[in-house]
Amino acid sequence: MATLKDIGVAAGINIVTAFIFFIIFAVLRLQPFNDRVYFSKWYLKGLRSSPASGGFLNLDLRAYLKFLHWMPEALKMPERELIDHAGLDSVVYLRIYLLGLKIFAPIAILAWAVLVPVHWTNHTLELAKQLENVTASDIDKLSVSNIPLYSKRFATHIVMAYAFTIWTCYMLMKEYEIIANMRLQFVASEARRPDQFTVLVRNVPPDPDETVSELVEHFFLVNHPDHYLTHQVVCNANKLADLVDKRKKLQNWLDYYQLKYSRNNSQIRPMVKLGCLGLCGQKVDAIEHYMAEVDKTSKEIAEERENVVKDQKSIMPASFVSFKTRWAAAVCAQTTQTRNPTEWLTEWAPEPRDVFWPNLAVPYVSLTIRRLAMSVAFFFLTFFFIIPIAFVQSLATIEGIEKVAPFLSVIIEHGFIKSVITGLLSGLVLKLFLIFLPSILMTMSKFEGFTAISLLERRSASRYYIFNLVNVFLANVIAGAAIPQTIGVAIPMKATFFITYIMVDGWAGIAGEILMLKPLIIYHLKNAFLVKTEKDREEAMDPGSIGFNTGEPQIQLYFLLGLVYAPVTPMLLPFILVFFALAYIVYRHQIINVYNQEYESAAAFWPDVHGRIITALIISQLLLMGLLVTKRAALAAPFIIALPVITIGFHRFCKGRYEPAFVRYPLQEAMMKDTLERAKEPNLNLKGYLQDAYIHPVFKGGDNDDDDDSVLGKLEGEVIIVPTKRQSRRNTPAPSRISGESSPSLAVINGKEV
């Protein structure tokens, strides 16, 4: 069991580690050759073209004396300016850290002022040491473990539980209201985007007489005659995308060997082996080999392009449908289109940057089966993962090491080494064990068929949170025993483990984030071996986005730990406050200078954040109730029962009051924006703006622009010229695109007046 000395040693190691990271970062960011890594966002936005200081190295010694100057600089940019610079998603993500500070700073002050004296002034653990040979540390004296059974002092914990709940709910409600207003203001003020006018239509029913494109146009001309503008059918271009990626990789190798040859003064042509991993097989000229492979793949790409355009089987029963106004798109996206609720399913189209194109080719009917299969797989992943984690954790203790390697007993029993193992090793092992989890969860989310990157990240974040709840929290607290028997003892005892985990993951881990080691290495490797043009350099320095699927579940774990341990072991709260403060500064700096957000969802993820904090609050209340029962405070426990009920009621209120702003688009807002745009730009060619917005990326740009243009022409031609085959087309109250005349309606045919 960790003592105050062990925690102090671990804190010292993590503080020194974080400080070293900051010094290394200060040195690296000041070097001109690293400028495109640590200020990549300014380059990608076109606001910076060269380092502030010229040359290869920065020799200005005064700059190194201000190695922490980036911290106040990161806090200077106002929030409104930050929204314009980085987007609402990034700003609201930062507000999660601020919310943690707002919730836990008052709770920490109140807990240390009230609960710590209540815990410390008892002598329960000292008596237990003498009479029952119980081991306890000074940290346990600050926890609820130091209060005897049947004590009336548990009334203090009930009062504090109510105070903590009321304060947390109040801050959640205020933050929900602020962010809902920020979202509405952002949507109202943002520039024109294709997704504002477009819906994604899925599960288009098959028709023997018309193609998918003809059927979509016919349906929307009939049912949205005054508002339908254009559409773009969805095609299965996954094989084509794979070929394009393959050619890109081959081109990278060709560029590498060409640069290598041009820099080789001896004029010896580079060679490559064709066997496994280039370690065996026939030796050939590398440049000629990769030139041949690139040409071969280019021909395959051209053939596959033609197949995608000509083969109707590659056209999926889905389409991006665009309307003349935002109001019409909002009506279509938020209403049922037919009597059969399983056909013509409409939803808001993701913005083009947010579309995850491979999943548009997934048949809609298979989505339920895929998601059920992944739910089962996630269940087994979560619960079977407990076994290796528990095993490794058992080895990361003094007792575990002595049991496996008795000959190390002399070394690990040394004071400092023992403190390091007790206060650092278990948290570090757990952190290392979870490195590959985000990639696994993201792969599972992709298999489920979500069509937007933002939805993939939110789904992955949700599962990461559940995994942390089960494997990081519950498995460490109540593993191997029934909850009622251990909860009163296990939760306070595990506080020291979670303190060490917070220091490893939340202190040193956050400080290590700012070094950007992986993007730094990748950029310099690409810059040395692959970069030939400015476009190549932009691709090399792209650091990616903030990573909502990994960052947000980490934050939620700290909310859970803080709310659970606030009435039990308040000593943990200062460590959480340090995490929230440090993470806020670090990620604010990264968002301003480094991360380039892939998409903009206008903070659509906030209901998930709110719901997980509510879940953590309810879990903390239930665990406190169980703790009071095991402490024989049966008369006090019933007073806690009302707290989960109140919290659930509060959540339902917030869900009904604020969540609609995140899942629906108000028609009033849409009409106002449309009216304003018509007044400002009466001659806007909206169809030209939207026509190619949702063309698959493999048909845009690239090396063979002429081929791409011809394919685009064929795709667009398919959309524009629609030969009518169905008799029901006579219902279409719009001019025919073939004859230019209006088709007679059924009323006219039957001789009736409309």
Side-chain angles (χ1 to χ4, degrees), residues 87-90 92-93 96 179 183 195 200 202-203 234 238 318 333 345-385 434-473 544-557 559-560 597-616 651 655 659 662-664:
L88 186 63
D89 280 346
S90 298
V92 171
Y93 181 84
I96 305 176
I179 292 174
R183 174 180 167 86
D195 54 294
L200 174 60
R202 307 190 73 177
N203 219 26
V234 173
N238 289 350
L345 304 176
T346 57
E347 61 187 72
W348 278 110
E351 66 162 320
R353 293 181 302 168
D354 192 19
V355 177
F356 187 69
W357 295 97
N359 279 356
L360 286 174
V362 176
Y364 187 83
V365 293
S366 69
L367 293 182
T368 302
I369 299 174
R370 283 169 169 258
R371 291 172 187 176
L372 177 61
M374 286 300 98
S375 297
V376 174
F378 176 68
F379 174 83
F380 285 106
L381 173 69
T382 300
F383 287 95
F384 280 97
F385 218 88
L434 300 176
I435 286 178
F436 300 105
L437 181 64
S439 299
I440 297 172
L441 297 180
M442 181 57 74
T443 301
M444 295 173 69
S445 299
K446 289 177 180 178
F447 183 80
E448 288 183 290
F450 292 101
T451 56
I453 299 171
S454 58
L455 294 177
L456 290 173
E457 291 196 343
R458 286 163 60 186
R459 180 67 161 185
S460 181
S462 175
R463 286 189 165 152
Y464 199 173
Y465 171 73
I466 296 172
F467 187 94
N468 279 341
L469 174 64
V470 174
N471 284 284
V472 178
F473 180 70
S545 60
I546 200 168
F548 177 82
N549 59 308
T550 56
E552 194 267 346
Q554 178 198 40
I555 305 171
Q556 293 295 343
L557 177 62
F559 274 105
L560 175 65
Q597 193 67 17
E598 287 184 76
Y599 58 83
E600 179 57 61
S601 70
F605 57 81
W606 188 258
D608 298 336
V609 175
H610 176 88
R612 285 171 199 144
I613 298 176
I614 289 291
T615 301
H651 177 58
K655 191 177 180 67
E659 189 173 313
F662 294 85
V663 295
R664 301 188 188 96

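Values below: every heavy atom of this structure, side chains too, minus hydrogens, waters and symmetry copies.
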Checklist entry - Could you go step by step and tell me if Leu456 and Asn549 meet the side chain to side chain contact (heavy atoms under 4.5 Å, CB included) rule? => result CA-CA 8 Å; Leu456 290 173; Asn549 59 308; over 6 Å; no
Next on the checklist: Within the structure provided, determine whether His610 and Lys655 are in side-chain contact (heavy-atom separation under 4.5 Å).
Outcome noted: no
Next on the checklist: Between Asp89 and Ala603 (side chain of the first, backbone of the second, donor and acceptor by atom type, cut-off under 3.5 Å), is there such a pair?
Outcome noted: yes
Checklist entry - Is there a donor-acceptor contact under 3.5 Å from the side chain of Glu351 to the main chain of Ser601? => result no
Item to check | Nearest-0.5 Å distance, CD1 of residue Ile614 to NE2 of residue His651 | outcome: 6.5 Å
Checklist entry - Under 4.5 Å between any side-chain heavy atoms of Met444 and Arg463, yes or no? => result yes
Acceptor/donor pairs from residues 354-367 side chains to any protein atom, 3.5 angstrom cut, sequence neighbours excluded:
residue, atom, partner, partner atom, Å
Asp354, OD1, Ile453, N, 3.0
Asp354, OD1, Ser454, N, 2.8
Asp354, OD2, Ser454, OG, 2.7
Asn359, ND2, Lys446, O, 3.0
Asn359, ND2, Phe450, O, 2.7
Ser366, OG, Pro363, O, 2.8

Checklist entry - Checking side-chain contact (heavy atoms from CB on, under 4.5 Å) against Pro553, which of Phe548, Tyr464, Phe467 comes through? => result Tyr464
Next on the checklist: If you define the side chain from C-beta out and look only at heavy atoms, does anything of Thr615 sit under 4.5 Å from Leu560?
Outcome noted: no
Item to check | Spacing of Thr550 atom OG1 and Leu441 atom CG [to the nearest 0.5 Å] | outcome: 10.5 Å
Checklist outcome for this item: Tested for ring pair (Phe, Tyr, Trp, His ring centres under 6.0 Å) against Phe383, the lone hit among Phe380, Phe385, Phe379 is Phe379
Next on the checklist: Any heavy-atom pair between the side chains of Asp195 and Trp348 that's under 4.5 Å?
Outcome noted: no
Checklist entry - Is there a donor-acceptor contact under 3.5 Å from the side chain of Arg459 to the main chain of Ser445? => result no
Next on the checklist: To the nearest 0.5 Å, what is the distance between CZ on Phe662 and CZ on Arg183?
Outcome noted: 6.5 Å
Checklist entry - Do Ser462 and Arg612 come close enough that some side-chain heavy atom pair is under 4.5 Å? => result yes
Checklist outcome for this item: The reported gap from CD1 in Ile369 to CZ in Arg371 (rounded to nearest 0.5 angstrom) is 12.0 Å
Checklist entry - Step by step, would you call Asn468 with Phe473 a side chain to side chain contact (heavy atoms under 4.5 Å, CB included)? => result CA-CA 6 Å; Asn468 279 341; Phe473 180 70; over 6 Å; no
Next on the checklist: Please find the pair of heavy atoms, one from Ser545 and one from Glu598, that lie closest to each other, and give the distance.
Outcome noted: OG-OE2, 3.5 Å
Checklist entry - Any side-chain heavy-atom pair from Gln556 and Val609 closer than 4.5 angstrom? => result yes
Checklist entry - Counting only N and O atoms by type, is there a donor-acceptor contact under 3.5 Å from the side chain of Asp608 to the main-chain atoms of Arg458? => result no
Next on the checklist: Is the shortest side-chain heavy-atom distance between Leu381 and Ile440 below 4.5 Å?
Outcome noted: yes
Checklist entry - How long is the gap from CG on Leu469 to OG1 on Thr382, to the nearest 0.5 Å? => result 10.0 Å
Checklist outcome for this item: Nearest heavy-atom approach of Ser460 to Met442 is OG-N, 3.7 Å
Next on the checklist: Looking only at side-chain N and O atoms, does Gln554 offer a donor or acceptor that is under 3.5 Å from a partner on Tyr465?
Outcome noted: no
Checklist entry - Would Tyr93 and Ile555 count as a side chain to side chain contact (heavy atoms under 4.5 Å, CB included) if you check the C-alpha gap in whole Å, the side-chain angles of each, and the deciding distance to 0.1 Å? => result CA-CA 10 Å; Tyr93 181 84; Ile555 305 171; 4.0 Å; yes
Item to check | Heavy-atom side-chain proximity of Gln597 to Arg353 below 4.5 angstrom | outcome: no
